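We name chains A, B, ... by the order of the sequence lines, and we start the count at 1 in each one. Just so it is clear, the model here is predicted, and its values are computed rather than measured.
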Amino acid sequence: MTDEQLHALLRLKRFEQPPAGYFDRLLQDVHRRQRSELLRRPLWRIALDRFQAHFSEPQSMRLSYAGALAALAIVGLGAAGFLLPGNSSSVRYETYLVTSAPSVERAATPVNLLTLENQAAALPKLEEAPFRAPQTRTASTGQPRYVIDARPASYEATTVSFSF
Amino acid sequence: MQDEESRKQDDELIARTQAGDASAFDDLIVKYSPRLYGLVYNMTSNHEDTHDMLQDIWSKAFRSITSFRGKSSFYTWIHSIGVNMTINFLKKRSRRTHMSLDAVDSGVHQDKEFIELAASSTPVREANLNELQKRLNEAMQRLSEDHRTVVTLFDIQGLPHAEISKILGISEGTVRSRLFYAHRQLQNFLSEFLS
């Protein structure tokens, strides 16, 4: 058998076709197959589609917007409460001021309990404090002076004047 | 190969399908099913398997039509799907063969071109045509899937080497090589019958 004879024989198979009307039936069967494939989809896919369809409806969109706004409001209130005085950050700041003062026994004082007693204890005691004469300004004019300082005014220099 | 007019028509049908018009895809099914039938039937040699395969091929094509970008013609694209799915099917079917000719073969002799070709071919005229076709189908089934595919696409479907290389994703040299080897095998099988 030559190549040409083989080729001619093979070409005959080109005319092998199914019976008449077969392709119309094939089209119907393809449609049936597509429908059955839709029904045979996995459960997770069906659930996902239904979830997406539910949230794509207008009413559901409003609900979702309301939920988002509610979440935003909660976050905003939380942020506002954080910044108000008297909250935990303010307490921490005052505690820092008290504990940073000298002669305070930090271990004996609770950190967050600020009472009058604690504040009094935090202040330096009067007898321990060194005596410091108040600063005075003397008048330079020759107007009469009264005792307003620890020393009589007559002992001070006369260069300072009152200036009310 | 398809002409420019046919390709434009395909492009329009594909665009309509991608836009959601399922009836346009039906037109593609009607247009290409006869050639796809010849492709799959000559690879499987079984009408029922061919019928199932065609449904699978068109279902897959419909699912994938949105990803079709027109880099190749629809003709090449659908043939690629058909060839790959049929080869996978044949590997699963493994060595189970169906040598009996189906009812579709009975209509071959009534075709005018077939009679002319048969009359001009000495071995065909001398031998019983039915028996020769049956032997040819048997010989085709003895080829490997790869060789049967190139014979089907080249000798039966009439595709050029370049188109076959695109469909199968192999070089033209490989197509020619497989064709040469497949023809030698077929000649040997049929020579036994003719002698």
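- Classification of the His7(A)-Phe154(B) ring pair by plane angle, with boundaries at 30° and 60°, yields tilted.
- In terms of non-hydrogen atom pairs under 4.5 Å with chain A, the most contact-rich of Asn42(B), Thr50(B), Asn188(B) is Asn42(B).
- The cluster map of Ile, Leu, Val, Met, Phe, Trp and Tyr, joined by side-chain heavy atoms under 4.5 Å apart, puts Val30(B) and Phe74(B) in the same cluster.
- Once rounded to the nearest 0.5 Å, the distance linking CD of Glu37(A) with CD of Gln55(B) reads 10.0 Å.
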Discussion item. With side chain to side chain contact (heavy atoms under 4.5 Å, CB included) as the criterion, how do Arg11(A) and Asp155(B) come out once you've worked through the C-alpha distance, each side chain's angles and the decisive distance to 0.1 Å?
Written reply: CA-CA 6 Å; Arg11(A) 280 192 63 198; Asp155(B) 293 304; 6.0 Å; no
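- The contact between Asp56(B) and chain A is made by backbone and side chain atoms together, counting heavy-atom distances below 4.5 Å.
- No more than 12 heavy atoms of other residues, nucleotides or ligands shown are found within 6.0 angstrom of OH on Tyr181(B).
- The candidate from Pro34(B), Ser59(B), Gly38(B) with the greatest count of non-hydrogen atom pairs under 4.5 Å with chain A is Pro34(B).
- The shortest side-chain heavy-atom distance between Gln187(B) and Gln5(A) does not fall under the 4.5 Å cut-off.
- Atoms NE2 and OH, from His47(B) and Tyr22(A) in turn, are 5.0 Å apart once rounded to the nearest 0.5 Å.
- Between chain A and the residues Leu186(B), Thr152(B), Leu136(B), the most heavy-atom pairs under 4.5 angstrom are made by Leu136(B).
- Side-chain contact check for Asp3(A) and His183(B): no donor-acceptor pair (N or O, by modelled atom type) lies under 3.5 Å.
- Both the backbone and the side chain of Ile156(B) come within less than 4.5 Å of a heavy atom in chain A.
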Worksheet entry | Verdict with supporting geometry, Phe62(B) and His31(A), ring-ring contact (aromatic ring centres under 6.0 Å, His included) | CA-CA 11 Å; Phe62(B) 186 70; His31(A) 289 164; 8.9 Å; no
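- Comparing Arg25(A), Glu4(A), Gln34(A) by how many heavy-atom pairs each has under 4.5 Å with chain B, the most go to Gln34(A).
- The line from CG of Leu26(A) to CD1 of Ile29(B) is 7.0 Å long, rounded to the nearest 0.5 Å.
- With a 4.5 angstrom heavy-atom cutoff, Leu6(A) touches chain B only via side-chain atoms.
- Separating the CH2 atom in Trp58(B) from the CZ atom in Arg33(A) is a distance of 14.0 Å, to the nearest 0.5 Å.
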